[in-house]
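Structure first, commentary second.
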Amino acid sequence: FLASGGLVQSCGHIIPESPVLALGSSFTALCILNESCLDFGNIYASQIIWKIKNRLVPKEQYREINRTVSSVTFNDTSSLATPLTCNILADGQIEQNIYGITVTVGLAPEKPKNLSCVVHQVSRFTYIMTCTWNPGRHTFLDTQFRLRYSWPEEIFPDCIPKDVNNSCTITDIHFFVNTVIWVEATNALGKAESDPLIVDPIDIVKPLSPQNVSVSSGVLPTVLKLSWENWISDAVMTLKFNIRYRIAGDMNWMEVPSEDTASPRTSFSVQGLRPYTEYVFSIRCMKEDGTGYWSDWSEEKTGITTEDQPSKGPPIWRIIDKSHSPASWTVHLIWKALKPFEANGVILQYEVTVRDKSSLSGPVKKYNVTSTNHTLQLPEGTYEVSLIARNSVGASPPSVLLIPARNSKAPVKNLRTIPKHDKLWVGWTAPNSFVLKYVIEWCLVSSSSDCIIEWQVALGDVQGINLKGIKPFKCYLITVYPLYADGQGSGQSVKAYLKQDRPSKGPTVQTKKVGKAEAVLTWNHLTVEEQNGFIRNYTILYKTIDGNETVVTVDPSKTEYTLSSLTSDTLYTVRMMASTDNGSRTGPDFTFTTQKFGRGEIEAIVVPVCLAFLLIVLLGVLFCFNKRDLIKKHIWPIVPDPSKSNIAQWSPQVPAKRNFNSKDQMYPEGSFTDVSVVEIEADDKKCFSEQDLKPFDLLKKEKSTSEGHSSGIGGSSCMSSPRQSVSDSDEGETTQNTSSTVQYSTVVLNGYRDQTPVQVFSRSESTQPLLDSEERSEDHAGGADSTAQRQQYFRQNGGQDETNTDRPCFERTKQIIHANEGDLVGFVQLQISGQSSQPLGLGMEKNTQEAALSNVLQTHTEGKTVRPETVEENPLSFDEMPKSYLPQTVRQGGYMPQ
Amino acid sequence: MAAAESPSTALRRRDLCSRGIRLAGKMRADVVDLLDAYVEQQGLDASASVAAVEGVPLAAVERWDEQTGTQRLLENLAAYRAFRALLAQMLEEQREQLGEADVGLGRALAAVLLQVSAFAYHLEELLRLESRGIPGEEEEEDGPPPPPRLSLFEQKLRGLGVLRELAQWAVRSVRDLRQLTKPSPATGAAPGLAESP
């Protein structure tokens, strides 16, 4: 590099200088070295290297033209970048920059397309024309667009867009002359023009919308007059219009037919409107011939049509309350307020007229009501209710409702419902008769409150309506009444859901009764609020703790079900599921345990067991009865008859024993068998009563209680083997009592006067040992005697224990009880009979004193009173009675074994 | 000739007539508006009487209904060429007088001038369609000598006269063009008349 004049002079330069290149084209640059540098710096073109942004250009692209010029060629400019520098390798090593250029790569502008222009009216006299076009691809270069327009003989100034490249606005517009409009796009690589658009600006005008729009109501209630101002003079262009309108609150616009407004005007009367309705209007305009553009819609203006008389009567219905009295109704007349397009104004009042149809001359009652219901008290009958609505202009046609005595006409058929989105469609088949209209009642079914009735009237020619405002998952009761000209049909009802869901809860199941193999489950129906739909079925799911779940489906009408084939004594878990069309919900679990035994099973076991037991007992008793001898032998050891003992030989008068036989013969009656002690042989055939024998029982008792006496006897039985005595006493439990110490006493009675006294053996408390011989002799005696004796023992025993099972014996005992004192007397007498006569005499006196006692007793007493005498009569012959031995207590002077 | 013209020529002619009518109508409306603005702006009396403007054919002619189409076109063209020159002069004088003070009036004058030019172009096109030679402007411009220098008031009065005459010509032009759109026998006689210089 050379410094010249303070400036740095380059040793070369590149041609072209900062070129703008078309993208994709080829490009060749030349680096030309200054001659001066050749000598000074000793550099040549062969040393030149090219770089693009510090990146070496491959040497294949170089070409040394001469010693001072080197060229580089790029086949595609897209590989170029800035800067492109020409460098030289000084001394083969040091790289030095000679020159650099900026390379700009871009595209030539495309031909602008889709040129279109719109003339906007911005004020009454001012128009601007805005043209837009498609500028084409991006050129990467600074490209200028200009909108040009001209008349054939007039060229107007260009319109140069600001900040954009696809639109421009011309403010100087002249109508009625065809204007040529085109767009020019220019950049460093070229220029392009759009196709010319030849247009009279008047044909592309978008006028301002009509101004100062106003709406005024006319004389007619169906007409509103719309007025406006046009902001474009007829000299420029004539206009046609569009008028649209809608009811305030409604979003749907209606349009006045375009042919009605196709001519220039500044007002228009819109007809066919609803009375007393607020309308919203809007208007727009365009060039009459249809060229150009519609203006924007004008601002909206509202107007209200005037009132007209109501077009129809209000729909009326009734609810008849007969609960108070069947003969008198409370009739709630209800009607719906007319819709605005029916009311045609403000309803001032309703006029209700009620006429009794049952009597021709019935009075007509009129009521003026301002609300939409009225309650009447009417006697049962047929009435015609008419209702008219009145506004400031006039009255509506009347609505007539017949209130018949009963709904006797044909009902609708095939009532059904179908949900349709948020509405519930109710359909029916019309009856055969002509129906004026239908009344559809519906209400929300609730378990907690009454059905609040809503209703709607449908015309007679429809067979279905949509119910609005129906809530999903709620049960509605819908009733349809057909209304005829002469009455009304009976209502048909159906329950329906707009949308079903699964129940909000499941049924709570519990057991009513649990058996061995079955359980009766019971539950309550879900309330209608809980159902959320039609309960199609209940499902019972039950299982044991470790068992599989069993599922049973139950009809939804039931509230009870019996589970059968259950396992006894098992814990079951049961739950219940209620299902609608849209799902199911399960209730809480309930557990129960089946019983171990079934019903009657215990009875079936216990009763046979008891019966068997009884049978066994009975058999035992029978057996005992049959084997009583054997038993007796064990329980009641055979007591040897002392009279038959060997020792009795000292008492040779055996025949006395035989008297037993005679006695048996004399008293065959078993009732005497328990009388073991006393037997009186007498002439008189009087039957000795039991009480006669009682004193002996008492005697026995006395003896048993006074062991001292007994022991006396026992003590006297020294001859008997003590061992035997012990064995006797060991016989049974009564060994400690008198039973163990068998004591016998013999009462020897002398026969009355010369009669043979009868010896009677009585059981004694004597413990005197019995001799083997005695036993033997008794065995020998055998026969009827021994049998009779045994019977006596038995009976006696029975009599003591069982208190006289025989009736006569019982009666007698009673007598004895009454005659206790006498008995005692008799007993005393017996005790002392062998001792002295003194006491005997006393006894006689006593007997005499007690003469008032019963005959039997008396007889007995008499018999006894005789005995002492007999004893006394034969005091010396006592020894002559070998068969009898008397205890010491009985006979003091008798035989003493000691 | 009318029978000989092609459908496209007839369409073009009808379009030019229609557009010319509307342009004349708008021009009249604009000129009327401009007159009001001009009188007010120049401090003139709207009822002031003005002498006929030199160089401008009178709009009112006798036996108007007897004129041929070409004749009408030529008269119209002559008048509007005159108006174009007069309006251009008025615009220049206006700028000299008021500078940029009253842009509105100058803009309105410019607009009317453009409309006059445009209408003249319409007339030339119609004449071209009728295969008539268009008279050269230079010839006319050279013909009458340049008007003498007038006083300011005279300029204002002349301007008022120009605008009034233009308004009248606008009305007449509408009638002329409507007449041209009618297939009248007069149109058929036009070539004969045109041929006569």
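The basis for the numbers below is simple: all heavy atoms, side chains too, and nothing from hydrogens, waters or symmetry mates. Proteins get letters first, then strands, A, B, ... in listed order; numbering begins at 1 in each.
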For A/N178 and B/L16, what are the C-alpha separation, side-chain angles and deciding distance, and is it a side chain to side chain contact (heavy atoms under 4.5 Å, CB included)?
CA-CA 9 Å; A/N178 278 335; B/L16 283 170; 5.7 Å; no
Does the pair B/R19 and A/D203 meet the rule for a side chain to side chain contact (heavy atoms under 4.5 Å, CB included), with working shown?
CA-CA 11 Å; B/R19 212 176 293 280; A/D203 291 336; 3.6 Å; yes
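At a 4.5 Å heavy-atom cutoff, B/D30 makes no contact with chain A through either its backbone or its side chain. If you measure heavy-atom distances from A/I173 to chain B, you find no contacts under 4.5 Å at all.
For A/Q211, the CD atom sits in a packed shell: over 12 heavy atoms of surrounding residues, nucleotides or ligands are nearer than 6.0 Å. Other residues, nucleotides and ligands place more than 12 heavy atoms under 6.0 Å from the CD1 atom of A/I160. Residue B/R175 places its CZ atom among 12 or fewer non-hydrogen atoms of other residues, nucleotides or ligands, all under 6.0 Å distant.
Counting heavy-atom pairs closer than 4.5 Å to chain A, the top residue among B/A120, B/A29, B/A111 is B/A111. Of all the listed residues (B/A24, B/A118, B/G25), the one sharing the greatest number of non-hydrogen pairs under 4.5 Å with chain A is B/A118.
Taken from OG in B/S18 to CZ in A/F176, the straight-line distance is 9.0 Å, to the nearest 0.5 Å. Distance check, rounded to the nearest 0.5 Å: CG of A/D200 to CZ of B/R22 gives 6.0 Å.
Contact detail for B/K26 and A/F175: the closest heavy-atom pair is CE-CD1, 3.5 Å.
A/V177 places none of its side-chain heavy atoms less than 4.5 Å from the side chain of B/L114.
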